[in-house]
Amino acid sequence: MRRNEILSFLFYHPDNNYYFCRRVVQILDKRYNAKEIEKKWRERWKRENIYRFNPDSRKPVYSLDTPPPFTSGTLHMGHIYNHVWIDLVARYKRMRGFEVYFPQGFDCHGLPTELRVEKELGVKREDREKFIEKCEEWTKKAIERMKNQFDQIGYSADWNYSYRTMDDGYKKLVQKTLLIFYRKGLLYREKHPVLWCPRCETALAKAEVGYIEKEGKLYYIDLDVGNHKLTIATTRPEMMPACVAVFVHPDDNRYKRFIGKKARLPLFDREVPILSDEAVDPEFGTGVVYLCTFGDEQDIAWQKKYKLPVIELIDKRGNLTESAGRYKGMSVEEARRRITEDLIEKGYIRKIEKLRHQVTSHTERSSCNAPIELLPLEQWFINVKDFIQDIIETAEKMNWYPEYMLQRLIDWSNAMDWNWIISRQRVFGTPIPFWVCSCGEIIPADEKELPVDPRGTTRKCPRCGGKAVGEKDVCDCWVDSSITPLIISKWLEDDSFFEKTYPSSLRPQGYEIIRTWAFYTIYRNLILTGKPCFKDLLINGMVAGPDGRKMSKSLGNVIEPEEPLRRYSADTIRQWASIGTLGDDYPFSWEECEHSQRFLTKLWNISRFIELHLRDFDGKKPRELAEVDKWILSKLQRLVQRCTRQLDCYIFNIPLEQIRGFVWHDLADNYLEMVKHRLYKPEIYGEESKRAAQYTLDLILRTILKLLSPFTPHICDEIWSNIFKDGYVTVADWPEADKKLISKDSEETGKILVEIMGEIRRYKSDRKMPLGSEIKHVKILVSPELRGKLERIKEDIIGTGKIKNLELSVSNVDRFKIIYG
RNA sequence: GGGCCCGUAGUCUAGUUGGUUAUGACGUCGCCUUUACGAGGCGAAGAUCCCCGGUUCGAAUCCGGGCGGGCCCACCA
């Protein structure tokens, strides 16, 4: 027995032990059970593979270079926000007739995984092979959990095209691109002061460091210059063993006489030259600064400019080397204390001031936050500086949404002063495919052997015949992730696939990684393919906590996606995410979830109402539509036009709000109320009038389900399949506005009807009358211009307002006036 | 110090090629149990559109200067 065929049935109520009669059994349940229904649709979409990418399709391809989340094992609200947008674009473009290529990968290599494996599984990184194996195992599990979370928001990616940066195929392409950069002379090895994290024992990219404001001390230390004293000010007295010069400003009258002389360092019995440079700020401290290799980036600049010697004072663990003399082996903090004590004892400290200053720290992509040091070390570099202009020009050829985000990339590019250090002293990462001989010769891997792991292996040096040692460093994670457009397009692997899917139609990402992911991707793909790697960039902001402040554990305002998903549903969270604006930070909001949830209920009930009244609709177009029908259909066409225009520009919040407004207010509050009399009483208002209302309802529901389906795909397919029984609305054609249905005249008439009904409702409300109560007599005075319009909606006013006797009278009034009784 | 963005009811928000009475939501208050929906409906109150100045017949909107917030960058040792 099919449920929708039953019109009346006896039900046994077990609690009350009686039978009751339910006259009408609807196809759509009284309540919308989001959890159950969403699950059902996700399983069906998956089973029937309706979102698969067909590379042989004749449709134009729309490809998405989606951000591979780091495999932490869980998606956070930021991911949900970002990926709902991506899914919206994919669903919209599919409906617009594109063959959407929607792959989704995972970024696997990273310090957090190494730390977890060490801590939780107790495997030491020294046992490299086993360690990597465990990292991979852990990551695979993490990916399963994250894929499951993607599923839970109705993510329509084609998982047949997933990738993992730890896969052999991925590493192979990364290494291949490194060999290409090497052959082009853009990849090199050099001893260079690098940003070094002593706690993590690795070199960092500039993009991985930030500043932490700390309460520090400014030490005023006397140096002897002949019989005179010259007082320097420094925050780092422990760096004194590495001091190679003292600088003053050339115009500083206090110190002009010292320039060119030598200053004697206390405790170390060594003399350094006194030089002058414009970069010295005479206002800071004493206006005298000492240069230590390397205390900060200014030191590097001066050391190079004046060709000063280099003293390597700090080792990889953050301890002092033998250059520190009797302070050797001490940690930076200990040395600072001891050297200060000794200076005080010898009377060289003039004073110590408190100072709030910015300490360069390991802040990005890590919770380490340790102060970083500058160490001269052998590192692998990729030349970026020589291509800044090309990168900017390429980025300018792309469409940035919002446009101003391009400026972030330009600013960052212009501020680059180092090349990109791509080596990391870690274990779980893509190996750098080179061997280095003590004679200085570099032996690249052979392309045929990729992916290769040179660690622990040797090669014969072709130059000196000696043993070249395999590079033991691995790549910075951005080296992996900055070739995603090439991985997804099967570059060098499948030419016809590449032609179809490169450049990517869209790169969606957050603004915080413009300086890394967008920057490096644009650069490397330009060098490798000679072309810009994407057409459009869609930039989202960060998700803030419900209090509007940045989500952080210390503020206690972190919301994990599980909670709203459990309390509400995917279609609810998707609406929350859709309401965020391009490029702006966006707070998580329980209120928005609540509102979104209510909208789903409203939509459900509207659909139930329409379903009920479409039962006996034969699908035939009526001879004539009523004025209200024309009014709502005209508004609907405009809604379609506006939504299409906005979605083409990746704006989601405005279309969704407009659709919701239309559904809730124009349709439910007004139109449905205004056609009930025609639907319920065809014996009074005519069968043809009923059919016109049915036709209109049918068209409206079909259209709004299409408009909503990118936003709330589950409920849309549920309603669509039950009422229209015509495939999946989520892959239906996007509606086109029918210009013939746009009528300014009908819109004006409809507006008047809404106003009149509003007044009548207010009248009843003021008199505490039920809205359904009848009014005996109403007279409407109407201006001559509006008379025709009023005549056309007279019946609707009577039917909707339950007016027994309505009189229209032309009069010299402004528009119209209602008189009761 | 530089760059970018932002400032609209208690809260969030629409609206910026200048144009009647500034959009909507949440919350608050009053009313209505109406044959899709009380997870409703109708209605009300609530805004010096951050401040000052300028352009203009007219400014939330354009310009200048402040103040405040956010993000990014930067060599103050």
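In what follows, chains carry the letters A, B, and so on, assigned in the order in which the sequence lines appear, proteins first and then strands, with residues in each chain numbered from 1.
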**Prompt:** A:Lys217 NZ to B:C76 P: how many Å, rounded?
**Reply:** 22 Å

**Prompt:** Among the nucleotides B:C26, B:C37, B:A77, which one has an atom lying closest to any side-chain atom of A:Glu591?
**Reply:** B:C26

**Request:** Could you check which of B:G41, B:A25, B:C42 has an atom nearest any side-chain atom of A:His595?
**Result:** B:A25

**Complete:** Quick note, A:His665 side chain, CB onward, closest among B:G27, B:G41, B:G24 is B:G24

**Request:** Mind calculating the distance between NZ (A:Lys602) and P (B:A25) to the nearest angstrom?
**Result:** 13 Å

**Request:** Would you mind classifying the nucleic acid contact of A:Thr581 as base, sugar-phosphate or nothing, using non-hydrogen atoms under 4.0 angstrom?
**Result:** sugar-phosphate

**Request:** In whole angstrom, give the distance that lies between atom CD of A:Glu759 and atom C1' of B:C42.
**Result:** 14 Å

**Request:** Would you indicate which nucleotide in B:C37, B:A77, B:A14 comes nearest to any side-chain atom of A:Asn605?
**Result:** B:C37

**Asked** Counting only side-chain N and O atoms of A:Lys676, is one of them less than 4.0 Å from OP1 or OP2 of B:U35?
**Response** no

**Message:** Under 4.0 Å between a side-chain nitrogen and a carboxylate oxygen: does that hold for A:Glu373 and A:Arg236?
**Reply:** yes

**Fill in**
In whole angstroms, the gap separating P of B:U23 from CZ of A:Phe662 amounts to 21 Å

**Request:** State plainly whether the residues A:Asp222 and A:Lys229 are in salt-bridge range, i.e. N to O under 4.0 Å.
**Result:** no

**Message:** Quick test of your reading of the model: are A:Lys681 and A:Glu683 salt-bridged, counting only N-O distances below 4.0 Å?
**Reply:** no

**Request:** Tell which nucleotide pairs with B:G1, taking only Watson-Crick or G-U wobble pairs whose two distances are both under 3.5 angstrom.
**Result:** B:C73

**Prompt:** Out of B:G41, B:A77, B:G70, which nucleotide sits closest to the side chain of A:Asp669?
**Reply:** B:G41

**Asked** When you measure from the side chain of A:Glu673, which nucleotide among B:C26, B:C37, B:C76 comes out closest?
**Response** B:C37

**Item:** Pairwise side-chain contact, A:Asp411 with A:Leu409, heavy-atom cut-off 4.5 Å (strictly under)
**Value:** no

**Prompt:** In whole angstrom, what separates A:Asn653's CG from B:C12's P?
**Reply:** 17 Å

**Prompt:** Would you say B:G41 has OP1 or OP2 under 4.0 Å from some side-chain N or O of A:Trp664?
**Reply:** yes

**Message:** Between A:Asp616 and A:Lys690, does any side-chain N to carboxylate O distance fall below 4.0 Å?
**Reply:** yes

**Nearest-angstrom distance, C1' atom, B:C72 to B:U11** = 28 Å

**Request:** Just call it for A:Thr601: base, sugar-phosphate, or nothing, with non-hydrogen atoms closer than 4.0 Å on any strand.
**Result:** base

**Item:** Mate of B:A44 where both pairing distances stay under 3.5 Å, Watson-Crick or G-U
**Value:** B:U28

**Request:** Whole angstrom is fine here: how far is it from CG in A:Leu672 over to C1' in B:G40?
**Result:** 13 Å

**Complete:** Taking a pair to mean Watson-Crick or G-U wobble geometry with both distances below 3.5 Å, B:C62 pairs with B:G54

**Prompt:** Do A:Gln597 and A:Thr601 have a side chain donor and acceptor closer than 3.5 Å?
**Reply:** no

**Message:** Please compare A:Gly758 and A:Glu592 by the position of their nearest nucleotide in RNA chain B and report the one closer to 5'.
**Reply:** A:Glu592

**Request:** Please state the C1' separation for the pair B:U23 and B:C67 - nearest whole angstrom.
**Result:** 28 Å

**Residue matched to B:G18 through Watson-Crick or wobble contacts both under 3.5 angstrom** = none

**Message:** Can you identify which nucleotide, out of B:A77, B:G70, B:G41, has its nearest atom closest to the A:Asp296 side chain?
**Reply:** B:A77

**Message:** Could you tell me how far apart A:Glu657 (CD) and B:C26 (P) are, to the nearest whole angstrom?
**Reply:** 11 Å

Taking only nitrogen or oxygen atoms into account, show me every contact under 3.5 Å that the protein makes with nucleotides 2-9 of chain B, one pair per line with its distance.
| from | atom 1 | to | atom 2 | distance (Å) |
| --- | --- | --- | --- | --- |
| B:G3 | O2' | A:Asp411 | OD2 | 2.6 |

**Prompt:** Looking across every strand, which nucleic acid part, if any, lies under 4.0 Å from A:Ile654 by heavy atom: base, sugar-phosphate, or nothing?
**Reply:** sugar-phosphate

**Request:** Using a cut-off of strictly less than 4.0 Å, decide whether A:Arg761 has a side-chain nitrogen or oxygen near OP1 or OP2 of B:G41.
**Result:** no

**Request:** Measure from CG on A:Leu582 to P on B:U13 and round the result to the nearest Å.
**Result:** 15 Å

**Request:** Return yes if a side-chain donor-acceptor contact under 3.5 Å exists between A:Glu38 and A:Ser569, otherwise no.
**Result:** yes

**Asked** Is the closest basic N to carboxylate O distance between A:Glu238 and A:Lys217 below 4.0 Å?
**Response** no

**Message:** Just to verify, which of A:Tyr650, A:Tyr511, A:Trp85 counts as forming a ring pair (Phe, Tyr, Trp, His ring centres under 6.0 Å) with A:Tyr401?
**Reply:** A:Tyr650

**Message:** Using a heavy-atom cut-off of 4.0 Å across all strands, would you classify A:Tyr511 as base, sugar-phosphate, or nothing?
**Reply:** sugar-phosphate

**Item:** Nucleotide paired to B:G38 in any strand shown, Watson-Crick or G-U, under 3.5 Å
**Value:** none

**Item:** Sugar-phosphate only, base, or nothing, as touched by A:Asp299 at under 4.0 Å among non-hydrogen atoms
**Value:** nothing

